[in-house]
Amino acid sequence: MHEKATHQQTRTYNRQLVLRTIFDYGTLSRADVARLTQLTPVTVSELVAELLADQLVSELDLHASGELALPTKRGRRPILLQVAAASRQLIALRLAVHEFRAALLDLNGEILYSKSLAVGPARGQEAVQQLTALTDELVAHATQPILGIGVASPGIVDTQSGTVRRSVFFGWNNLPIGKLLHERYQRPVHVANASQVAALAEYLFGSNRTLRNLAVLRVGQDVGAGLILDGQLFFGDGFGAGEIGHMVVDPQGERCACGNFGCLETQVSSQAMVRQAQALAATAPDSQLARALAAASSPALEAVVEAFRAGDPLAAQLVQANARYVSQAVAALVALLNIQQIRLVGSITQFGTAWLEAVRAALPGTAIPDLVGQTTLEIAEHGSDAVILGAAALLLSRELGLTLSRYQEPRGQPRGGGAH
């Protein structure tokens, strides 16, 4: 019985390895898959046959696609494989402070349909009802079998059980949101913190396919970090890894939703930036910043961005102060983990290159210069879609094993599973 279980685990691992390799490289022949995975050609052929039968992989019609394949030495063109992206659809949910967003995606992370819903004053069970109503609409739009549902939530999330342990804003304590959605839709449901899955999105869908370690710092309505360590999304022992927004940076600062005073989130979040802008604008009513805020239907970050782009000195002052605080969070990641690839995401990144350069400029004075010199700090590729793509990436990693590890050119001895 034990041997049978071990054999099945090995086969499952190898099947995921084959699928992940095809996903990472885009199009590959069976021979390429065997070379890259170091599995035997017979094993690869059997596993590819399973994936074809399950419609997770398809064979590329080179003539129909207009691509030209070079013949092999024996004159045969290799049959190329690709992920059958359109064969399944998945639902990704982003539960933000003021807005719920749902998206229907294919297996390549292409968004097919998206719908947002203003949360308003809804809290507790009422917010859950709004979420299920939004999800109902996405289910109705699906045109292929639904692989499952990925959920990105604020707060501390027990990702093993799919439980939101604590979300101060929504008044959720030990909410089993994964179980609730699974019972309603009869599909696999995976739940994690929004900042954590933003890192997974950058890792799975980003252009750099060789990363092993990655940190993504999200600065928006709330503030947090997601960590990929040695190819794995790191949750922490209590699922709270990355709660850097609640690192106290000014003990005399304002009270945070977590109960402490002067947390990073109270200084650099989008709401904090708007409050700071309003206070500054009140001292200079004729400024571009004051005019932009007055013209907005409601005080919003976009008005501050507009004033900054117009060259308003008060807005520039806000951006510089924001960048200095953000650099402290980056410095903490550099000092604790020495991660050399750090990405920034969230609504604050709308301030663009000037803000990014200000963060970079402040960094050497907040961390060991040698470590800072090894660090690449960039704005993430996916912008406002990072968290919704992260929820999708969470589902793909859990259900199909697409992010268990990045595969590299084989070295050393073949894997033990190669000959069954």
Side-chain angles (χ1 to χ4, degrees), residues 1-61 78-91 105-110 144-150 159-160 182 186-190 200-201 203-205 209-212 228 230-233 391-420:
M1 191 69 169
H2 177 72
E3 289 183 3
K4 184 177 180 180
T6 302
H7 174 78
Q8 184 58 45
Q9 289 170 351
T10 300
R11 190 169 185 83
T12 298
Y13 174 85
N14 288 341
R15 174 186 159 105
Q16 291 180 341
L17 177 60
V18 168
L19 180 61
R20 183 168 68 250
T21 303
I22 297 170
F23 181 88
D24 276 352
Y25 284 85
T27 56
L28 287 173
S29 69
R30 288 168 174 79
D32 289 331
V33 174
R35 176 178 60 84
L36 290 166
T37 62
Q38 292 187 301
L39 298 172
T40 67
V42 172
T43 298
V44 168
S45 293
E46 290 177 353
L47 295 172
V48 166
E50 288 183 11
L51 293 169
L52 287 168
D54 289 343
Q55 297 184 325
L56 289 172
V57 165
S58 62
E59 294 180 332
L60 181 62
D61 186 340
I79 298 173
L80 298 183
L81 304 166
Q82 62 183 2
V83 171
S87 67
R88 302 284 197 286
Q89 291 175 352
L90 49 143
I91 293 174
L105 305 94
D106 67 15
L107 295 183
N108 278 336
E110 293 295 324
Q144 294 292 338
I146 296 174
L147 178 69
I149 301 172
T159 190
Q160 291 182 349
H182 173 71
Q186 295 299 302
R187 295 289 188 278
V189 179
H190 298 283
L200 199 55
Y203 182 73
L204 181 60
F205 298 120
R209 293 290 192 175
T210 63
L211 295 177
R212 297 294 302 170
I228 303 289
D230 195 25
Q232 299 287 330
L233 182 57
L394 177 69
L395 179 68
L396 290 170
S397 67
R398 294 288 181 80
E399 291 300 309
L400 300 181
L402 291 184
T403 59
L404 293 178
S405 63
R406 273 289 184 262
Y407 203 81
Q408 300 181 8
E409 291 291 327
R411 297 190 298 268
Q413 296 301 314
R415 294 176 181 270
H420 292 276

For the [atom1] atom of [X] and the [atom2] atom of [Y], what is their distance to the nearest 0.5 Å?
| X | Y | atom1 | atom2 | result |
| --- | --- | --- | --- | --- |
| Arg187 | Ile149 | CZ | CD1 | 8.5 Å |
| Leu147 | Leu105 | CG | CG | 11.0 Å |
| Tyr25 | Arg20 | OH | CZ | 11.5 Å |
| Leu394 | Leu200 | CG | CG | 6.5 Å |
| Ser29 | Arg35 | OG | CZ | 8.0 Å |
| Leu211 | Ile228 | CG | CD1 | 9.5 Å |

Less than 4.0 angstrom from a charged side-chain N to a carboxylate O is my criterion; do Arg88 and Glu399 meet it? no
Atom of [X], atom of [Y] and distance for their closest heavy-atom approach:
| X | Y | result |
| --- | --- | --- |
| Leu204 | Phe23 | CD1-CE2, 3.3 Å |
| Tyr203 | Gly231 | OH-CA, 3.6 Å |
| Ala84 | Leu107 | O-CD1, 3.6 Å |
| Thr37 | Val33 | OG1-O, 2.7 Å |
| Leu395 | Pro188 | CD1-O, 4.3 Å |
| Leu90 | Leu396 | CD2-CD2, 4.3 Å |

Check side-chain contact (heavy atoms from CB on, under 4.5 Å) between [X] and all other residues, then give those that pass, not counting sequence neighbours.
| X | value |
| --- | --- |
| His182 | Val189 |
| Ala201 | Leu389 |
| Gln144 | Gln89 |

Just wondering, do [Y] and [X] contact through their side chains at under 4.5 Å, heavy atoms?
| X | Y | value |
| --- | --- | --- |
| Leu80 | Leu28 | no |
| Val48 | Leu81 | yes |
| His190 | Gln160 | no |
| Leu56 | Val83 | no |

With sequence neighbours excluded, tell me which residues meet side-chain hydrogen bond (donor to acceptor under 3.5 Å, both in side chains) with [X].
| X | value |
| --- | --- |
| Thr12 | Gln8 |
| Asp54 | Arg15 |
| Asp106 | none |

The salt bridge (Lys or Arg N to Asp or Glu O under 4.0 Å) partners of Arg30 (sequence neighbours excluded) come to Glu59
Assess, by modelled atom type and distance only, whether the side chains of Arg398 and Thr159 contain a donor and an acceptor separated by less than 3.5 Å. yes
Does one side chain, of Asp24 or Thr21, offer a donor that lies under 3.5 Å from an acceptor on the other? no
Tell me whether Gln55 at atom CD has more than 12 heavy atoms from other residues, nucleotides or ligands lying less than 6.0 Å away. no
Please report the C-alpha distance between Leu39 and Val18 in whole Å, then the side-chain angles of each, then the deciding distance to 0.1 Å, and finally whether the side-chain contact (heavy atoms from CB on, under 4.5 Å) criterion is met. CA-CA 9 Å; Leu39 298 172; Val18 168; 3.8 Å; yes
